[in-house]
Amino acid sequence: METIATARKSLTPLTTRRVSSRPAAPFLPMSRAEMTALGWDECDIVLVTGDAYVDHPSFGMAIIGRLLESQGFQVGIIAQPDWHSADPFKVLGRPRLFFGVTGGNLDSMVNRYTSDRKLRSDDAYTAGGEGGRRPDRCTIVYTQRCREAYKDVPVVLGGIEASLRRIAHYDYWSDKVRRSILADAKADLLIYGNAERAVVEVAKRLAAGETPRQLDSVRGVALFRRVPDGFTELHADDIDSADEGASRKPGDTVIRLPSFEQVENDKDAYARASRVLHREANPGNARPLVQRHGDRDLWLNPPPIPLTSDEMDAVYDLPYARAPHPSYGDAKIPAWDMIKFSVTVMRGCFGGCTFCSITEHEGRIIQNRSEGSILREIEKIRDKTPGFTGVISDIGGPTANMYRMACKDPKIEAACRLPSCVFPDICPNLNTSHDELIRLYRKVREVKGVKKVMVASGVRYDLAIRSPEYVKELVTHHVGGYLKIAPEHTERGPLDKMMKPGIGTYDRFKEMFDAAAKEAGKKYYLIPYFIAAHPGTTDEDMLQLALWLKKNRYRADQVQTFLPSPMATATAMYHTGVNTLKGVRRGA
C-alpha cells in the first residue's frame, strides 16, 4: 500500500522561493494603471473572484495569486466584476496563460441565500457589507463572461464552489440535481480541494506549451476525458464492490459512478454515488472516479497530497499586504474585520460531521504550520495591522484543537476509508495528544506586545476531555466571557446521522470547563449551538431538545436550520431519504 509519505516523494515539492529578481507587488494589480506601475504589458494569469480582494492568507485568491507570483508569473485580480457584460473582464487585458475563476470563500448560493431560500441583504465579503455584488452561481457566470471576453483563453475553476460541485450534485436552491459545474460553466479544468500544488503545476505546464487536455495526471484535477486504455473499471452499483481490486497497483483502476442522468432520476443511484465519493477521499488510497455526462466522461483524479509543515509555512510566509486593496478606501469589509487579528494554525478536519463540507474540500488529514511560522505571523499582525490592541482574536482553524493530531501509523492512515476518526468513538489509532498545542499557546502568549490570545474556532470537546490540562489551559488563558461549542443536538437519532458524540460527552466537557473556570476565579459560560431539521430528526427529538434547553436554563437566541450545502453527506440524506453512512445497494 502506497502511503501518503511515499506518494509525496513522487511529487515536485511545493516551493515559494522567488524565481526572479523582480520584487513582489505591493498588491496584485486590479487595473491597467497598476500594471503599468509594475512595468507589465500583460498578465500571465488573471484571477476572477466573487469576493472583494483582501491580500491576506485567509482569502483564497490572495494565497493562489501570491503563490503564482512567487513562481515568476504576473498575476492580476478582477474582484466582483459587473457580470452584465464582458467588458469588466477585459480590464487587465488578455491573460497569456489562463483565467482562474473562483466564487470566493463561500459557495455563492450559500453566500446569497438563507436556509429558507430567502435572499440575504448583506455580504460579509464585499466592501461595505453590500449584498448583490455577485450573481447566483457566480463561477458559471464569470466563466461565461471570460469566454466572451477572450474565447481562446483557457479557464480553470477553483475555490469551494467549484470544489463542492465537482460531480453531479443536488442543488437545494433549484431543488434538482445539477451537472458538474465544469460542464455547466464550460471551463477547461477544475481544481478541487487545497489547490496550491496543483495550480503551480498547471501554470508551469501551460507555460511550457501543454494544453489543458494534457493535464490529466495532476492530482486534484477534474476534466472531461475518456477512460484510458489499460484501466479496469469498477462499477458502484453495489457500494461494496467499489472495494474490490483494492490490492491492484495504483493507477490501473477507476471507479465508475452512476451517470448524471442516473443520479438525476434515481435517488438510490445518487446515494451510491455520494457514498463512493466520500469513501474515495483519502489521498493515500483514493482511486480516480469517472461519471458520464451525456456523451462525455467526467474524470476526477485522486485528491491532492496534503502539504507538509514546511510547505504550509512557505504559503503563509508569502509577502501578503495583509490589508484590503486600496481601491476600497475606508469601506469596511466585514469578513476582513473578523479575521484580521486571527491566525490559522492548521487545515483539514477528521471529524466527518455530515452537515459540514470542510472534509470534502480540505480533507481529513490535518496540515499543520510550524510554531515559528505562527509566531512570525503574530509579529506581523502586531507590527503591520492597523488597530491592533494586543488581542489575537482567534488561534485555530476549522477546529481549534486538532493541531498536530494524526494517525499513529502511516500505513493504517493510507488504507483507511472511514469518514471519521472520532465517530462512533475516537479511533485507537488516533494520536489525541494536546501537548504540542498547549506548548504553542504558551509560546504565543509570550510574544512581546500580545496581551491576550483568544480561541474562537470550534473546540472539538470529545477530544478536549482527553486532556484535562488542555481544558485548564484553554479556560485559564484563552476564553473571554464565553466559549461557543457545538453539540448540535441532544438526541441519539439525529446525532448518529450527524456523526456527532452523545450529549453526555458535552456534559462531561461542561463539568471540566466549569471546574477550570472556578479554579481560575472566572465567571465563564458555554454557548451551545444546535441544528434544527437535520435529516433523521423527528418532532419528538426536537421536543426533547426543547426540554433539555429549558432544564439547563438556555433560551434560544438564534435558530440554525439545516442547510443542504452541495456534496455534504447530510445533503445526500436530505435529497434521497437514504442513510449513506451505510451500504447502499441497487434497490435499497
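Excluded from the calculations below are hydrogen atoms, water molecules and symmetry mates; all remaining heavy atoms, backbone and side chain alike, are included.
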From CD1 (Ile63) to CG (Leu68), nearest 0.5 Å
11.5 Å

Are side-chain N/O atoms of Gln80 and Thr49 paired as donor and acceptor at under 3.5 Å?
no

Please determine whether side-chain contact (heavy atoms from CB on, under 4.5 Å) holds for the pair Leu298 and Arg179, giving the CA-CA distance in whole Å, both sets of side-chain angles, and the decisive distance to 0.1 Å.
CA-CA 10 Å; Leu298 173 72; Arg179 300 186 301 172; over 6 Å; no

Taking only residues two or more places apart in sequence, or in another chain, which ones meet Arg296 in a side-chain hydrogen bond (donor to acceptor under 3.5 Å, both in side chains)?
none

Is there side-chain contact between Pro288 and Leu300, with at least one heavy-atom pair below 4.5 Å?
no

Sequence neighbours left out, what passes side chain to side chain contact (heavy atoms under 4.5 Å, CB included) with Gln144? Give chain and number order.
Ile140

For a quick check under 3.5 Å, do Ser31 and Glu34 share a side-chain donor-acceptor pair by atom type?
yes

Evaluate the ring planes of Tyr441 and His478, with Trp represented by its six-membered ring, and classify them as parallel (under 30°), tilted (30 to 60°) or perpendicular (over 60°).
tilted

Any residue meeting side-chain hydrogen bond (donor to acceptor under 3.5 Å, both in side chains) with Tyr53, in chain and number order, not counting sequence neighbours
Asp55

Just to verify, what does Glu161 make a salt bridge (charged side-chain N to carboxylate O under 4.0 Å, His left out) with, not counting sequence neighbours?
none

Would you say the side chain of Ile395 lies within less than 4.5 Å of the side chain of Val444, judging by non-hydrogen atoms?
yes

Evaluate the criterion side-chain contact (heavy atoms from CB on, under 4.5 Å) for residue pair Asp122 and Arg120; output intermediate values, then yes/no.
CA-CA 6 Å; Asp122 56 358; Arg120 300 184 193 272; 4.2 Å; yes

Rounded at 0.5 Å granularity, tell me how far OG in Ser217 sits from CD in Glu201.
5.5 Å

Flag for Asp123-Asn111: side-chain donor and acceptor within less than 3.5 Å
yes

Can you name the closest pair of heavy atoms from Ala185 and Leu157 and give their distance?
CB-CD1, 4.0 Å

Check the pair Phe231 / Trp299 against ring-ring contact (aromatic ring centres under 6.0 Å, His included), numbers first and verdict last.
CA-CA 13 Å; Phe231 271 76; Trp299 178 279; 5.4 Å; yes

Is Arg226 paired with Asp297 through a side-chain N to carboxylate O contact shorter than 4.0 Å?
no

Run Arg178 and His169 through side-chain contact (heavy atoms from CB on, under 4.5 Å) and show every step you take.
CA-CA 5 Å; Arg178 296 181 64 95; His169 57 280; 3.9 Å; yes

Taking all non-hydrogen atoms of both residues into account, name the closest pair between Thr211 and Gln214 and its distance.
N-OE1, 2.7 Å

Quick test of your reading: applying salt bridge (Lys or Arg N to Asp or Glu O under 4.0 Å), list the pairs with at least one residue in residues 387-396, sequence neighbours left out, ordered by first then second residue.
none

Between Thr344 and Tyr316, is the side-chain contact (heavy atoms from CB on, under 4.5 Å) condition met? List the steps.
CA-CA 9 Å; Thr344 299; Tyr316 282 84; 3.8 Å; yes

Indicate the atoms forming the closest heavy-atom contact of Ser457 with Gly396, along with that distance.
OG-CA, 3.6 Å

When you compare the side chain of Leu440 with that of Ile374, does any pair of heavy atoms fall below 4.5 Å?
yes

Partner of Gln71 under side-chain contact (heavy atoms from CB on, under 4.5 Å), chosen from Val199, Asp44, Val200:
Val200

Near Lys452 NZ, under 6.0 Å, is it more than 12 heavy atoms from other residues, nucleotides or ligands?
yes

So how far is it from Leu182 CG to Ile167 CD1, rounded to the nearest 0.5 Å?
13.0 Å

Which residue pairs pass the salt bridge (Lys or Arg N to Asp or Glu O under 4.0 Å) test with at least one member in residues 136-147, sequence neighbours excluded?
Arg112-Asp136, Arg137-Asp171, Arg145-Glu148, Arg147-Asp188

Interatomic distance, OG@Ser108 vs CG@Asp51, rounded to 0.5 Å, equals 10.5 Å

Sequence neighbours excluded, which residues qualify as side-chain hydrogen bond (donor to acceptor under 3.5 Å, both in side chains) partners of Lys443?
Glu371

Residue pairs involving residues 330-351 (criterion salt bridge (Lys or Arg N to Asp or Glu O under 4.0 Å); sequence neighbours excluded)
Glu196-Arg347, Asp337-Lys340

Salt-bridge contact Arg364-Glu413 (side-chain N to carboxylate O under 4.0 Å):
no

Quick one: does NZ or CZ of Arg117 land under 6.0 Å from the six-membered ring centre of Tyr172, within 45 degrees of the ring axis?
yes

How far apart are the closest heavy atoms of Arg219 and Ala198, and which atoms are they?
O-CB, 3.7 Å

Which value, rounded to the nearest 0.5 Å, describes the distance between Asp383 atom CG and Phe388 atom CZ?
9.0 Å

If you apply the rule ring-ring contact (aromatic ring centres under 6.0 Å, His included), what do you find for His56 with Tyr320, and how did you get there?
CA-CA 6 Å; His56 184 276; Tyr320 304 99; 7.2 Å; no

Do Asp317 and Arg376 sit within salt-bridge range, that is, some charged N less than 4.0 Å from a carboxylate O?
yes

Taking Thr359 for the side chain and Gly363 for the main chain, is one N or O donor matched with an acceptor at less than 3.5 Å?
no

Results of side chain to side chain contact (heavy atoms under 4.5 Å, CB included) for Ala168 - residues two or more places apart only
Val177, Phe260, Val263, Gln291, His293

Name the atoms and distances for all side-chain donor-acceptor pairs under 3.5 Å in residues 83-95, with sequence neighbours left out.
unit_1: His84; atom_1: ND1; unit_2: Asp82; atom_2: OD1; d: 2.6
unit_1: Ser85; atom_1: OG; unit_2: Asp87; atom_2: N; d: 3.3
unit_1: Arg94; atom_1: NH2; unit_2: Asp152; atom_2: OD2; d: 2.9

Is the shortest side-chain heavy-atom distance between Glu210 and Leu215 below 4.5 Å?
yes

State, yes or no, whether a side-chain contact exists between Val290 and Ile255 at a heavy-atom distance under 4.5 Å.
no

Could you tell me whether the side chain of Arg213 reaches within less than 4.5 Å of the side chain of Arg225, counting heavy atoms only?
no

Could you work out, with side-chain hydrogen bond (donor to acceptor under 3.5 Å, both in side chains) as the rule, every residue matching Gln367, not counting sequence neighbours?
Asn194

Begin with the C-alpha distance, continue with both residues' side-chain angles, and end with the deciding distance and a verdict on salt bridge (Lys or Arg N to Asp or Glu O under 4.0 Å) for Glu311 and Arg197.
CA-CA 9 Å; Glu311 290 171 332; Arg197 190 178 281 114; 2.6 Å; yes

So, using side chain to side chain contact (heavy atoms under 4.5 Å, CB included) as the criterion, who are the partners of Lys384 when residues are at least two apart?
none

Could you walk me through whether Glu377 and Lys380 satisfy the salt bridge (Lys or Arg N to Asp or Glu O under 4.0 Å) test, starting with their C-alpha distance in whole Å, then the side-chain angles of each, then the deciding distance to 0.1 Å, before giving a yes or no?
CA-CA 5 Å; Glu377 182 169 7; Lys380 290 175 184 175; over 6 Å; no

Which value, rounded to the nearest 0.5 Å, describes the distance between Ser180 atom OG and Arg165 atom CZ?
10.5 Å

